[in-house]
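Please read these numbers as outputs of a predicted model, since none were measured by experiment. Both ligands and their constituent atoms are indexed starting at 1 by order of listing. By convention here, the first residue in the shown sequence is residue 1.
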Amino acid sequence: MVITIDGPAGSGKSTAARNLARALGIAYLDTGATYRAVTLKALREGVDLEDADALADAAGRARIHLSPEPAATRVWLDGEDVSETIRSEAVSEKSYYPARSPQVREVLVALQRRIGAELGSFVAEGRDQGTVVFPDADVKFYLVADASERAKRRCAELRARGESCNEQKVRTAIERRDRRDRTRDVAPLIKPDGAIEVDTTDRDVAAMDAALLAHVRERLDKDAGGGPAP
Ligand code: DC
């Protein structure tokens, strides 16, 4: 079974994907981590982020390994555990450069499909999972939430890690990232055909998890030939 969850930053994708995967007993694939790992590699090597060829070269050389664990996916870059480092604001902000590069996307889409093939059944989370990477997914979700709520969630995450946070600044950064994700030429963030849209603004995590699981069960029942009662 392949399930995709796409949506903007802070819409609840990661939590939803992780919890849905756990409930169904299948793997969770965090594809944003691959873009973050390439961003970190480029920053560490002093690669000019405007130089598409140099970025693609860094992506091609990056040895990225994802190891899905119950609490969070651990991410390895060139043999080093970078799970925490790739979540910094610096990496978040600059990840837009690799994400807008067709050559980098080609490398990372191939990697994501390879991981997917190995996993067999999984919940994949990102911006282009239902549109580009796994267009034949069994169930596709598109998560949305108000920008102010997303900023609040991001700040709560940062504060939990002991970092300070200015919600207004974070909201501005989130809106800038949204614009970039939605307007880029390659694999822009859009609602995939056939995707179920879920607004998570006023739902707590338990309500969001329950909504997604109910949709998956309904889809599975339909595929099994049951269909809704007349
Ligand atoms: O979901 P995230 O914040 O970890 O994503 C990090 C960056 O990668 C962000 O700039 C969006 C981009 N991304 C993408 O373009 N396509 C994906 N499938 C996943 C993430």
J.: Between R171 and E175, does a side chain to side chain contact (heavy atoms under 4.5 Å, CB included) hold up when you go through it step by step?
T.: CA-CA 6 Å; R171 182 185 166 148; E175 286 173 333; 3.1 Å; yes
J.: Give the residue, atom name and distance (to 0.1 Å) of the protein heavy atom nearest atom 20 (C) of ligand 1.
T.: G32 CA, 3.5 Å
J.: Tell me the protein heavy atom at minimum distance from atom 16 (N) of ligand 1, and give that distance in Å.
T.: R105 NH2, 3.0 Å
J.: Within the 4.0 Å heavy-atom shell around Q129, which atoms of ligand 1 are there?
T.: 18 (N)
J.: Please assess I196 against V139 for the test side chain to side chain contact (heavy atoms under 4.5 Å, CB included), listing each intermediate value before the final yes or no.
T.: CA-CA 8 Å; I196 300 160; V139 187; 4.1 Å; yes
J.: Considering heavy atoms of the protein only, find what lies nearest to atom 7 (C) of ligand 1 and give residue, atom and distance to 0.1 Å.
T.: S95 OG, 3.3 Å
J.: Among all protein heavy atoms, pick the one closest to atom 3 (O) of ligand 1 and tell me residue, atom and distance.
T.: R36 NH2, 2.9 Å
J.: Quiz question: by atom type and distance under 3.5 Å, do the side chains of T201 and R150 form a donor-acceptor pair?
T.: no
J.: Can a side-chain donor-acceptor contact be found between Q103 and D57 if the only test is distance below 3.5 angstrom?
T.: no
J.: Around atom CZ of R113, are there more than 12 heavy atoms of other residues, nucleotides or ligands at under 6.0 Å?
T.: yes
J.: With a 4.0 Å cut-off on heavy atoms, does R177 reach ligand 1?
T.: no
J.: Starting from atom 12 (C) of ligand 1, which protein heavy atom do you reach first, and at what distance in Å?
T.: A99 CB, 3.9 Å
J.: Please determine if D30 has a nitrogen or oxygen closer than 3.5 Å to a nitrogen or oxygen of ligand 1.
T.: no
J.: Go through the steps for Y97 and V104 under the test side chain to side chain contact (heavy atoms under 4.5 Å, CB included), then give the verdict.
T.: CA-CA 9 Å; Y97 288 96; V104 172; over 6 Å; no
J.: Mind checking the CG-CD1 spacing from D30 to I5? Nearest 0.5 Å is all I need.
T.: 11.5 Å
J.: Any idea which protein heavy atom is nearest atom 8 (O) of ligand 1, and the distance to it?
T.: Y35 CB, 3.3 Å
J.: Looking at ligand 1, does any of its N/O atoms fall within less than 3.5 Å of an N/O of R127?
T.: yes
J.: Verify whether one side chain among S148 and D146 offers a donor that lies under 3.5 Å from an acceptor in the other.
T.: no
J.: Considering heavy atoms of the protein only, find what lies nearest to atom 18 (N) of ligand 1 and give residue, atom and distance to 0.1 Å.
T.: D128 OD1, 2.7 Å
J.: Please work out, at 4.0 Å between heavy atoms, whether the side chain, the backbone, both, or neither of R184 comes within that distance of ligand 1.
T.: side chain
J.: Any nitrogen or oxygen of Q112, side chain or backbone, less than 3.5 Å from one on ligand 1?
T.: no
J.: Going by atom types only, do T85 and R44 share a side-chain donor-acceptor pair under 3.5 Å?
T.: no
